[in-house]
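So that the names make sense, note that chain A is the first sequence line, chain B the second, and so on, each numbered from 1.
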Amino acid sequence: MLKSYLKIALRGLVKHRVYSLINISGLAVGMAVALLIGLLIHYEFSYNRFLSGYDQSYQIYVNESVEGAIESSNAVPLPVANALRNNIPGIRYVAECDWMQRHGLMVGEQKLYLSGASVGGDFLKIFRFPLLQGHAETALSDPYSIILTARTARALFGDEDPMGKSVRYDNRFDLQVTGVMGNIPSNSSFYFQYLVPFSLYEQSAGWVRASRTQWENYSFQIYAALDPNASREQVSSRIRDLIQDNSEGKVNFEPELGLYPFKDWHLYNEFENGQPSGGYIDYLQMFGLIGLLVLILACINFTNLATARSEKRAKEVGVRKAIGSKRKHLVTQFLVESFLITSLAAVLSLILVYAILPFFNDLANVRIQFPLDQPLFWIVLLVYTTLTALMAGSRPAWYLSSFQAVKVLKGKITTGRGTSRGRKILVLLQFSSSIALIIGTMVIYRQINYVQQRPVGYDQERLMMTRMTDDLNDNYQVLRNEMLQSGVVESVAWGSSPITSIFSRIEVEHWPGKTGDTPAGGIAFIRVTEDYFNTLGIQLLQGRNFHPDWQSDSTSLIINRAAADRFGLEDPVNQTITLQGGDQGTIVGLVEDALMISPYDPVVPTVFAHGQWGASMLYRLRPEVNTQQAIATLSVLFNRHNPTFPYEYEFVDDTYAQKFRLEVLVGKLAAIFAALAIFVSCLGLFGLATYLAEQRRKEIGIRKVLGASLSQIWLLLSREFIGLILLSCIIAVPIALYFIQRWLAQYTYRIDIGPGEFIIAGLGAVLITLITISFQAIRAGRERPVESLRVE
Amino acid sequence: MISIHNIAKRYRTDEVETTALNGLSLEVKPGEFVAIMGPSGCGKSTLLNILGLLDEADGGQFLLDGIDVSRYNENRRAELRMEKIGFVFQNFNLIDELTVYENVELPLLYNGIKAGERKKRVEYVLDKVQIMHRRNHYPTQLSGGQQQRVAVARAVINQPAIILADEPTGNLDSQNGNEVMQLLTELNESGTTIVMVTHSEHDARFSHRIVRMLDGQTVAESVLV
Ligand SMILES: Nc1ncnc2c1ncn2[C@@H]1O[C@H](COP(=O)(O)OP(=O)(O)OP(=O)(O)O)[C@@H](O)[C@H]1O
Ligand SMILES: [Mg+2]
């Protein structure tokens, strides 16, 4: 029986090629999109969950109330670590950690500059990265030890066994390799390439040692693992007031500690009201919704085409029923057909996904592998195909099998008004979602564009940055002179933060005209050289720049406009403010705001001071020099004055562009998915128009005999659809508006939504529809009437 | 009124070529009622389709009211059809989705006639073909004879100079057939030129002249009256 069903279904496929092609390709695209998004979601959800015991691992974070809002941060005071270890039941392991920055690693002639972490001894018990060599228990007990990832070990030692060998660290310490760990997979929030003991960090930097007892110094990361039977809620409530209880009233902003689950770091990367509440997960949900939507759109095509074709099949049904076929046989037969088509589409979609996965990985910056070797994948695929077949095929099967034999044989069945209404509702669904997607995509693009056009307050062109090491600080003046003399750079400066982020924030305790007792928190504090502002092209608005001799100028401060606004100072020059810790400074200048962190947020109020030690060297190439040659020249100079590190540099405009990475990615994906949704919808519409034109062929012929012109026929066939599309626009607008407003709300610096996108999307949809339908309408209209009248 | 000369029409389908009309000539004068007869497949419908500008000839000359229309494109043909010609088919060719009234009104709509005028004219012809009481019915709810009367009403609504009828009684019993023939005769008496294809000698006798065809050519003519 099944064989006979399959045979009939296959013959039907071959016989109605256009129909089959539209169906299979539409479904295949829909299934491919859903599959791809499914793989993406699966990948993103696998983040951090590949480590055993990931469920008990947490980062300690702190919430502070700043001006009525809660600000969350993962920078916490160091004494928290010991307090957790010694006083809090339910906590099993605690590990201190630095900010995982880059350091120099040197073995013989081999120099690397890689990100690594200084971690407390229990780090590998909290995050159980398996060691290929060495013992996790003891590998970090000696301060002068280092654990390398396999990749780092290979880069430093080649094929030699690295265990027990020595690595020169920042050209200051010789560390012994005590362990080799597997490479960190791409779906990990950690990205370090080696681990060194936190004890080394403590021994080598006096300020770190001093921090052990400073409850107001938020400069470290701390991780913890809970006892397997302890709950996050219990432990959270025990640690909440740790800072306030221990600091004897010395800290401001009511800090409260919390536990940030390791498994949520990637997906819930944004905090709201002191809790991890969303972030990347929101985009994944959006993509999940889009994937499902595109799949549904493809299923709608199938359903619509099948019911549209049903009049042609009515006779077949009648004959079958007359010779004794029961309804359930017919339902089975139509479902077998739908399953066949869906299976073909599934195979095609696998091929499609396989082909585009490499490009998708690049585009979305992920490393998804096609899990073809996993039985679970095939099971999921089978279930997925079956569900799709049911979703697409059940309505036509039900509808077709309900024809009554007598009526169809007498030719009395015509398009039921009900089915054509059903079809219209489905088309409506397709087009309203497609239009909403177009609108959404356009808004995302406009927002990205708007923010990218936002003036940054300094000049990014040909501006480069290099992180400063001790050697670079020591040799700065000489290096600077040589750089200027070499003729490739026009100016050189440094700051204690790169221009694209803020390393240090302080509180300003007092300023003229201050009301109340709370200090102003979250003020950026940057030490700079006197060349800083002119090197960057930041405009001096009032007062003067720093003097070249920093010692005579050590209490002078320059503030930006945002800071002046924050303090309410109309004429800030010559005013005195008191910084955290009681140091007083005099404002000597006011500069234009420069955008250093999020381009979506307001500029951070910033206080600049003159200083001696920099973290980031900033220099601008001369416009006429060739970049390649300039870098070659510079690398000679840097290697001379910073011999233990490779010459590394960033172009500021590239680094700045990174800030849009997620939004640009979302924009691209949304555009692709929207385009596919429209493609699938149009495919369906094309099929539907073909069938309707064919079904009405005779009527069209009669109308032409009676004098209808081509344009009248066109209008006859297109009118219904245009009405549907216009209605779709009306439905799409509020839906799109709802999602757009929610999305835009997260940005302070954002566009206003005007009618532009809506009008363009609506017109676009009408145009696409017209083109799709007109093809058929014009064909029908041009046909000589005698042809169509012959159709019986 | 109609003058065709040496008209040819061939159909090509998968290797087989059929000559439907083979150098046929015919004159129809204004006000004439011509019947065309001949065995099945001799090209009668083909001829009528060409006369009605529904189809194009492969060769020959076609003058309608003295104007050569053989090179007209589809849009100009549509205009001419609307202006001059009414059709009645063997299988009625009513649009199932429209009511009797709407079917008859359709040519007026395409002709751009105003609503008030349309109503008057549709009601007048429906009355004349005695189908007024069924004006809001759909074609599938009518008998064959009633459907053909509606088709005739629709053919004359634009007051065409010519009516082309292809076996108008072919699907009707003799009672209904006679009613339709009666209608056509009345139309002819009021001045409409009629060309009618028929297999029925009885029906042919309503005409003024019978043209007999064989294998795409006219073979004989007999003048009645
Ligand atoms: N579209 C077509 N394609 C191929 N051959 C055709 C086509 N239309 C008509 N013919 C052929 O042309 C010839 C004339 O057909 P036509 O329909 O004019 O005959 P007829 O005289 O009207 O016959 P009947 O009395 O059966 O209606 C026939 O041999 C027919 O098979
Ligand atoms: Mg015929």
Colleague: Can you tell me which residue among R118(B), R154(B), K119(B) is in a side chain to side chain donor-acceptor pair (under 3.5 Å) with E105(B)?
Modeller: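 With E105(B) as partner, R118(B), R154(B), K119(B) yield a single side chain to side chain donor-acceptor pair (under 3.5 Å), made by R118(B).
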Colleague: Heavy-atom distance under 4.5 Å to chain B: side chain of E699(A), backbone, both or neither?
Modeller: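 Both backbone and side chain.
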Colleague: Check each atom of E83(B) against the heavy atoms of chain A and say whether the ones under 4.5 Å are side chain, backbone, both or neither.
Modeller: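 Contact with chain A is absent: no heavy atom of E83(B) under 4.5 Å.
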Colleague: Has Q147(B) got a side-chain atom pairing as donor or acceptor with P139(B)'s backbone, closer than 3.5 angstrom?
Modeller: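 Answer holds: yes.
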Colleague: Measure N49(B) against the heavy atoms of chain A and call it side chain, backbone, both or neither at under 4.5 Å.
Modeller: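 When you check distances to chain A, only side chain atoms of N49(B) fall under 4.5 Å.
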Colleague: With a 4.5 Å limit on heavy-atom distance, are the side chains of M181(B) and M196(B) in contact?
Modeller: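 Yes, their side chains come closer than 4.5 Å.
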Colleague: In terms of heavy-atom proximity below 4.5 Å to chain A, should L94(B) be classed as side chain, backbone, both, or neither?
Modeller: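 Contact with chain A: backbone only.
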Colleague: Is the NZ or CZ atom of R76(B) positioned over Y72(B)'s six-membered ring, under 6.0 angstrom from the centre and within 45° of the axis?
Modeller: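 Checked: cation-pi criterion met.
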